[in-house]
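Counting convention: from 1, in listed order, for ligands and their atoms alike.
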Amino acid sequence: TVKLSPEKVFCQLRKQLDFRMINTSDAPFNTAEWETYLPKTNISMELGKLGRCAVVSSAGSIKHSHLGAEIDSHDAVLRFNGAPTKGFQEDVGEKTTIRLVNSQLITVEEKSFVSDVQFSFGIIILWDPAPYHASIYEWFQKPDYPFFESYKHYRKRHPKQPFYILNPYMQWQLWDILQENSPEDIQPNPPSSGMLGIALMMHFCDEVNVYEFLPSKRQTDRCHYYQSVLDQACTMGAYHPQLFEKNMVKHLNQGTDEDIYNYGKVTLPGLRKVQC
Ligand code: NCC
């Protein structure tokens with residue numbers, strides 16, 4: 001296969017990804033009951049046009065990075081799942097504009113998700129691993145985790161906090177782009193929250209700096225900066241096609257290899273301004 005130029009891949013991301021959140025015109029969410037739960041404001045309106053954005057991976061290698069102030073200097077910061085800021089500001093900053101969470105977290109850890117104050121800052125976006133190119137209807141019947149009750153529960157407790165559900169198409173549209181840009185067959189599982197979050201911020205922002213998604217010189221087997229568990233698969237992936245995600249992001253990087261080595265930092269353009 002011929003390797004596509006970064007510019008071509010940016011166009012694929014811009015043209016082939018559906019960035020919409022579930023709303024009440026998406027059957028079977030078109031009911032009076034769902035209308036009380038789904039946010040009424042469009043997410044782009046909620047966020048406004050964002051300039052410089054940061055995506056903060058949860059990798060253990062961000063520990064001791066002292067990147068906190070640099071991360072907080074961005075207009076918006078995206079974090080993942082249960083990644084805390086409290087106690088870790090020096091390395092990861094404290095601003096949280098968007099938290100991208102998977103359905104496993106909100107279902108399996110519902111109790112802490114609903115009550116832990118760290119989730120009550122910023123906008124939450126939830127995604128669930130859907131069957132390959134399933135319609136919204138098919139996915140609704142067969143979500144990977146039955147998260148709908150937890151979602152409603154959270155919405156009742158925090159009605160003012162914007163909390164969106166990502167459409168199930170985007171993950172597989174992104175997977176198709178990863179597959180098309182990989183020389184080998186990649187595992188048939190959706191991309192990681194990390195890769196989804198990077199694509200989302202490229203849609204919302206003019207420029208995206210990603211921290212410790214590509215490991216820096218601090219690379220470690222430590223899975224998360226906030227836990228001591230060791231597991232190599234956290235960085236390279238087992239379920240998610242992370243190796244391929246990281247190869248693609250490396251190919252798309254507009255910054256320097258030195259910034260990757262020192263800060264685990266990758267710079268990507270916003271998709272609004274790419275010329276296709
Ligand atoms: O670990 P997780 O990921 O929440 O990490 C968020 C994103 O950070 C990047 N990362 C993380 C660790 C590491 N050493 N290197 C990294 O690059 C990845 O891009 C990752 O996506 C997920 O993607 O949603 C994931 O979620 C966890 C878990 O479900 C949540 O933390 C909630 O508890 C998954 N872990 C397990 O299922 C055990 C993980 O596989 C993927």
Between K265 and E70, is the closest basic N to carboxylate O distance under 4.0 Å? yes
Without hydrogens or angle criteria, can the side chains of E212 and S65 be said to hold a donor-acceptor pair below 3.5 Å? no
Does the gap between the ring centers of [X] and [Y] come in under 6.0 Å?
{"X": "F113", "Y": "Y154", "value": "yes"}
{"X": "F140", "Y": "F29", "value": "yes"}
{"X": "Y263", "Y": "Y211", "value": "no"}

Do K152 and E33 touch side chain to side chain, with heavy atoms closer than 4.5 Å? yes
Can you name the residues that come within less than 4.0 Å of ligand 1, going by heavy atoms only? S57, S58, A59, F80, N81, N102, Q104, L105, E109, S192, S193, G194, F213, C223, H224, C234, T235, H240, Q242, K246
